[in-house]
Amino acid sequence: MRTPLVVGNWKMNGSLSDNLSLLQKLTSQWQAAAVEMAVCPPAVYLAQAQALLAGTSIQLGAQDASQHSSGAYTGECSVAMLQEFGCQFVIIGHSERRQYHAESDQLVAEKCLAIKASGLTPIVCVGESLAEREGGATLAVIQRQVQAVLDHVGSEQLAGVVIAYEPIWAIGTGLTASPEQAQEVHAAIRQQLQALGASTRILYGGSVKAGNAKELFAMADIDGALVGGASLIAEDFLAIGTAAAQ
Ligand code: 13P
């Protein structure tokens with residue numbers, strides 16, 4: 001039995017006052033216990049979010065972490081630092097980081113190992129571009145991205161990892177993979193994970209909204225969502241969480 005997980009990736013959005021209002025609404029209105037909910041604000045707001053989420057059932061995550069534990073890495077945050085601010089989850093390998101920060105499969109795998117070694121839960125993002133989908137390469141791309149992590153971390157160490165399938169063409173575009181398109185990829189990832197697959201939560205991300213969440217969550221291998229834009233609107237994010245509970 002995999003507990004559904006709905007994670008809000010705020011990306012580079014928010015302000016002290018917007019975060020206060022959003023988190024107050026989320027913590028006062030979230031009730032469904034059968035779903036895990038988490039938010040991932042920008043790193044500078046983790047202390048604020050940690051204080052506002054203390055004692056609530058909404059968990060905290062970060063949007064990235066360094067593969068290094070400390071040292072001369074300007075601009076980076078270590079996993080231990082994120083842990084001090086109450087993070088349970090760390091998103092890694094988001095397509096925006098792969099694209100704008102040239103993160104390779106190997107680097108994502110190294111980050112995954114560092115996060116697992118600290119006892120936090122990595123949310124490893126994978127996804128194909130539109131050109132790759134149109135060229136029939138979707139499953140090969142996903143397989144390569146997942147395999148890099150499997151090879152580097154090892155399947156025993158990977159237990160508890162979360163995978164997020166986010167087709168790049170569906171991120172922030174209003175285009176969503178159909179439930180069947182997403183299910184096909186999720187099933188392939190689960191199969192690739194072999195024995196680990198049955199217990200691994202695989203989230204879908206890419207224009208998840210209150211209006212399409214239910215049909216996505218109805219698919220056998222979709223265990224929740226990684227939500228961008230809609231996670232910034234309390235009512236929408238709560239509705240997605242509620243859809244995951246059904
Ligand atoms: P949107 O929900 O805004 O499409 O973003 C998805 C995403 O990239 C979550 O990590």
Side-chain angles (χ1 to χ4, degrees), residues 4-14 18-19 22 26 35-43 45-46 49 58-65 82 87-101 103 108 111-112 115 120-130 132-133 138 141-142 145-146 149 161-179 181-182 185-186 189 201-217 219 222-244:
L5 173 63
V6 173
V7 179
N9 174 10
W10 292 5
K11 308 194 179 185
M12 199 173 72
N13 293 293
D18 287 352
N19 304 345
L22 175 55
L26 293 180
V35 175
E36 281 186 54
M37 292 280 269
V39 294
C40 301
Y45 295 128
L46 287 173
I58 298 181
Q59 302 179 79
L60 187 59
Q63 297 177 15
D64 187 32
L82 302 175
C87 290
Q88 285 102 345
F89 297 97
V90 186
I91 298 170
I92 49 170
H94 193 282
S95 59
E96 287 149 18
R97 294 209 60 88
R98 291 180 191 260
Q99 186 179 352
Y100 306 135
H101 301 270
E103 294 203 358
V108 174
K111 291 183 174 194
C112 187
I115 295 162
L120 302 194
T121 300
I123 300 176
V124 181
C125 300
V126 297
E128 83 286 5
S129 67
L130 187 58
E132 288 163 340
R133 175 160 284 270
T138 298
V141 169
I142 304 303
Q145 293 172 336
V146 171
V149 172
V161 71
V162 174
I163 309 280
Y165 169 55
E166 299 205 312
I168 297 168
W169 49 272
I171 295 176
T173 57
L175 296 173
T176 329
S178 68
Q181 283 175 321
V185 176
H186 283 230
I189 295 170
R201 291 186 286 188
I202 307 178
L203 313 182
Y204 170 77
S207 300
V208 176
K209 308 273 179 248
N212 61 21
K214 208 170 167 183
E215 56 179 17
L216 288 160
F217 297 153
M219 305 311 286
I222 300 184
D223 305 314
L226 184 54
V227 185
S231 73
L232 300 170
I233 302 159
E235 297 68 34
D236 292 3
F237 191 54
L238 289 164
I240 294 168
T242 302

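Whatever order the structure lists them in is the order used to number ligands and atoms, beginning at 1.
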ask   = Given V126 and R98, is the side chain to side chain contact (heavy atoms under 4.5 Å, CB included) satisfied, shown in steps?
value = CA-CA 10 Å; V126 297; R98 291 180 191 260; 4.2 Å; yes
For [atom], find the nearest protein heavy atom and state the residue, atom name and distance (0.1 Å precision).
atom: atom 2 (O) of ligand 1; answer: G228 N, 2.9 Å
atom: atom 9 (C) of ligand 1; answer: E166 OE2, 2.8 Å
atom: atom 5 (O) of ligand 1; answer: K11 NZ, 3.3 Å

List every atom of ligand 1 that sits less than 4.0 Å from any heavy atom of [X], numbering the atoms from 1 in the order shown and giving each element.
X: A170; result: 4 (O)
X: G206; result: 4 (O), 6 (C)
X: N9; result: 9 (C), 10 (O)
X: L226; result: 9 (C), 10 (O)
X: S207; result: 1 (P), 2 (O), 4 (O)

Any heavy-atom pair between the side chains of [Y] and [X] that's under 4.5 Å?
X: E128; Y: I142; answer: yes
X: L238; Y: L26; answer: yes
X: C125; Y: L203; answer: no

task = Decide side chain to side chain contact (heavy atoms under 4.5 Å, CB included) for E215 and T176; before the verdict, give the C-alpha distance in whole Å, the side-chain angles of both, and the deciding distance to 0.1 Å.
result = CA-CA 11 Å; E215 56 179 17; T176 329; over 6 Å; no
Taking N or O atoms only and a 3.5 Å limit, does [X] qualify as a polar contact for ligand 1?
X: T173; answer: no
X: E96; answer: no
X: H94; answer: yes
X: G229; answer: yes

task = Measure up the H186 and Y165 rings against each other and bin them: parallel (under 30°), tilted (30 to 60°), perpendicular (over 60°).
result = perpendicular
ask   = Nearest 0.5 Å, what's the CD1-CH2 distance between I91 and W10?
value = 12.0 Å
task = Using the side-chain hydrogen bond (donor to acceptor under 3.5 Å, both in side chains) rule, take E166 and H94 through it: C-alpha gap first, then chi angles, then the decisive distance, then the call.
result = CA-CA 8 Å; E166 299 205 312; H94 193 282; 3.0 Å; yes
message = Show, in sequence, the C-alpha distance, side-chain angles and deciding distance for D64 and E103, and conclude whether the side chain to side chain contact (heavy atoms under 4.5 Å, CB included) test is met.
response = CA-CA 11 Å; D64 187 32; E103 294 203 358; 4.0 Å; yes
query = Heavy-atom contacts under 4.0 Å between C125 and ligand 1: side chain, backbone, both, or neither?
reply = neither
